[in-house]
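All values reported here derive from a predicted model rather than from experimental measurement. Each chain gets a letter, A, B and so on, in the order its sequence line appears, and its residues count up from 1.
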Amino acid sequence: MDYEGQKLCENLFYWIIILFGAVGWVKGYIEQDFAYVFYAWGVGMAISLVICVPDWPWFNRHPVKWLESVPDRRVNGNSVASSSN
Amino acid sequence: MHTVWVRLNAVVFFGLSALLGFSVLAAISKIGHANRHVPDVKTLKLKRLKSLKSHGGVDRALLNFDLHVDLNPAFHWNIKQLFVYVVASYKSDKNKNNQIVLWDKIVEATDPPESKIIKQDSIFVKYALVDQGADLRGRDVELQIMWDHMPLTGLLYMGEQDKSTVSSFTLPYDYTSGR
C-alpha cells in the first residue's frame, strides 16, 4: 500500500464507522433503543474491516517514485570508501 | 498503516473508541430524564401483619403489602434495568432512623411494558423486618418504594416514591402471631 493509499484507507474507515454509528444513533434515539446504535456500528465495522484491512489495488495507484539509482562510482575495482580518501 | 496488522489494529480500536463515544452521547442525551419522568406509585400500603415476634433476642415482623406502581416512565434507551425495592423505615431508641429492605425486584428494559407495571395484592416480604434490638413494638413504620436506575453507560442513580404519598402503620404493642 502506498502513502496515498494509506491516507485514503484511514479516511475511509474513519468516515464509514462514524457515519454508520451516527445514523444508528439517530435511529436509536428515535426508537429509544440502543441496540440500533450497536448494530449499525457493527455493520460499519464489518464494511471497514473488509475495505480497509486487505491491500486492495485501489490503495496502490500512487506508487512511490524512487530516484534513479546513483551510478556505480567504483572504477577499476576500487571501492567507494577507499576512493574518498 | 503499512501492514495488514497495523490496519486491523487501527480499524478495531478506532471502532471501539467510536462506540464509546456513541455510548457517552446516549448517556448525555438523558441527563435530567429522572426529574421529568418519575414512576407513578399508586399504592403501597400494609395489607396484613402476619407476626411480630421476639426471635433470638431481636424483634422480627413479617407482613404482606399491596403494591401498585407503573415503572414505565423511568425507562429510556440508556437504562438496562431497574432494581426496585420496598423499604421500611422507623425510629427506635437506639437509632434515629432504621431502614430495612423488605422486598425487591429487578425489572429489565427488555420486559414488555405491561410487566413494568407491578400490580400485586398481598405481597409477602422477601426479607423480614428485623430490628437491631428488641425495639419494634409500638413503632410507626413507613413503607416507601425506591429504585436504582441501572444504565447501559454512565452512573447509577436512585429514585424514590414521593414522601408525601408514603403510607405508614403502627406495629402492635405486644408480640403477636397472625391476625
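For A:Tyr3, the OH atom is loosely surrounded, since the number of other residues' heavy atoms within 6.0 Å does not exceed 12. Environment of NZ in B:Lys42: crowded, with over 12 heavy atoms of neighbouring residues, nucleotides or ligands closer than 6.0 Å. Residue-environment remark: CE (B:Met150) stays at or below the threshold of 12 foreign heavy atoms within 6.0 Å. No more than 12 heavy atoms of other residues, nucleotides or ligands sit less than 6.0 Å from atom CG of B:Leu155. By the neighbour-count criterion of 12 heavy atoms within 6.0 Å, atom OH of B:Tyr175 is densely surrounded, having more than that number from other residues, nucleotides or ligands. The environment of OH in A:Tyr39 is sparse: at most 12 heavy-atom neighbours from other residues, nucleotides or ligands sit within 6.0 Å. Sparse packing is recorded around CZ of A:Phe38, with 12 or fewer heavy atoms of other residues, nucleotides or ligands lying under 6.0 Å away. Atom CH2 of A:Trp56 has 12 or fewer neighbouring heavy atoms from other residues, nucleotides or ligands inside a 6.0 Å radius.
Follow the hydrophobic side-chain contacts under 4.5 Å out from B:Val87 and you never reach B:Leu62; the two are in separate clusters. Grouping the Ile, Leu, Val, Met, Phe, Trp and Tyr side chains by contacts below 4.5 angstrom, directly or via other members, places B:Met146 with B:Ile106. Placement of B:Val58 and B:Val101 in two distinct hydrophobic clusters is found when ILVMFWY residues are connected by side-chain heavy-atom separations under 4.5 Å, directly or transitively. Put simply, B:Val12 and A:Ile51 are part of two different groups of oily side chains (I, L, V, M, F, W, Y) that touch within less than 4.5 Å, one to the next.
For a residue to count as touching a neighbouring chain, one of its non-hydrogen atoms must lie under 4.5 Å from one of that chain's; by this rule B:Leu152 touches chain A with the side chain only. If you measure heavy-atom distances from B:Val6 to chain A, you find no contacts under 4.5 Å at all. Heavy-atom distances place both the backbone and the side chain of A:Tyr29 under 4.5 Å from chain B. In this structure, chain A has heavy atoms under 4.5 Å from both the backbone and the side chain of B:Leu25. With a 4.5 Å cut-off on non-hydrogen atoms, A:Glu31 does not touch chain B at all. Heavy-atom distances place both the backbone and the side chain of A:Asp55 under 4.5 Å from chain B. Contacts of B:Ser23 with chain A are made by both backbone and side-chain atoms, with heavy-atom separations under 4.5 Å. Neither the backbone nor the side chain of A:Tyr36 comes within less than 4.5 Å of any heavy atom in chain B.
Contact tally against chain A (heavy-atom pairs below 4.5 Å) for B:Ala10, B:Gly15, B:Gly21: the top residue is B:Gly15. Ranked by non-hydrogen atom pairs under 4.5 Å with chain B, the options A:Ala35, A:Gly28, A:Ser48 are led by A:Gly28.
Note: A:Phe34 CZ to B:Phe22 CZ = 8.5 Å, rounded to the nearest 0.5 Å. Going from atom CE of B:Met1 over to atom CG of A:Leu8 covers 9.5 Å, rounded to the nearest 0.5 Å. Atom CE of A:Met45 is separated from atom CG of B:Leu16 by 5.5 Å, given to the nearest 0.5 angstrom. Atom CZ in B:Phe14 sits 9.0 Å away from atom CD in A:Glu10 (nearest 0.5 Å).
Contact of the A:Ile17 side chain with the B:Leu19 side chain is not registered, since no non-hydrogen atoms from C-beta on lie closer than 4.5 Å. Proximity of A:Ile30 to B:Trp77: side-chain heavy atoms (C-beta onward) are nowhere separated by under 4.5 Å.
Residues B:Arg7 and A:Pro54 approach most closely at NH2-C, 3.9 Å, considering heavy atoms. When every heavy atom of B:Ala18 is checked against every heavy atom of A:Trp41, the shortest pair comes out as CB-NE1, 4.5 Å.
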Practice item. Take B:Ser29 and A:Trp25 through the test side chain to side chain contact (heavy atoms under 4.5 Å, CB included) and record every step on the way to the result. Key: CA-CA 11 Å; B:Ser29 77; A:Trp25 198 94; 4.0 Å; yes
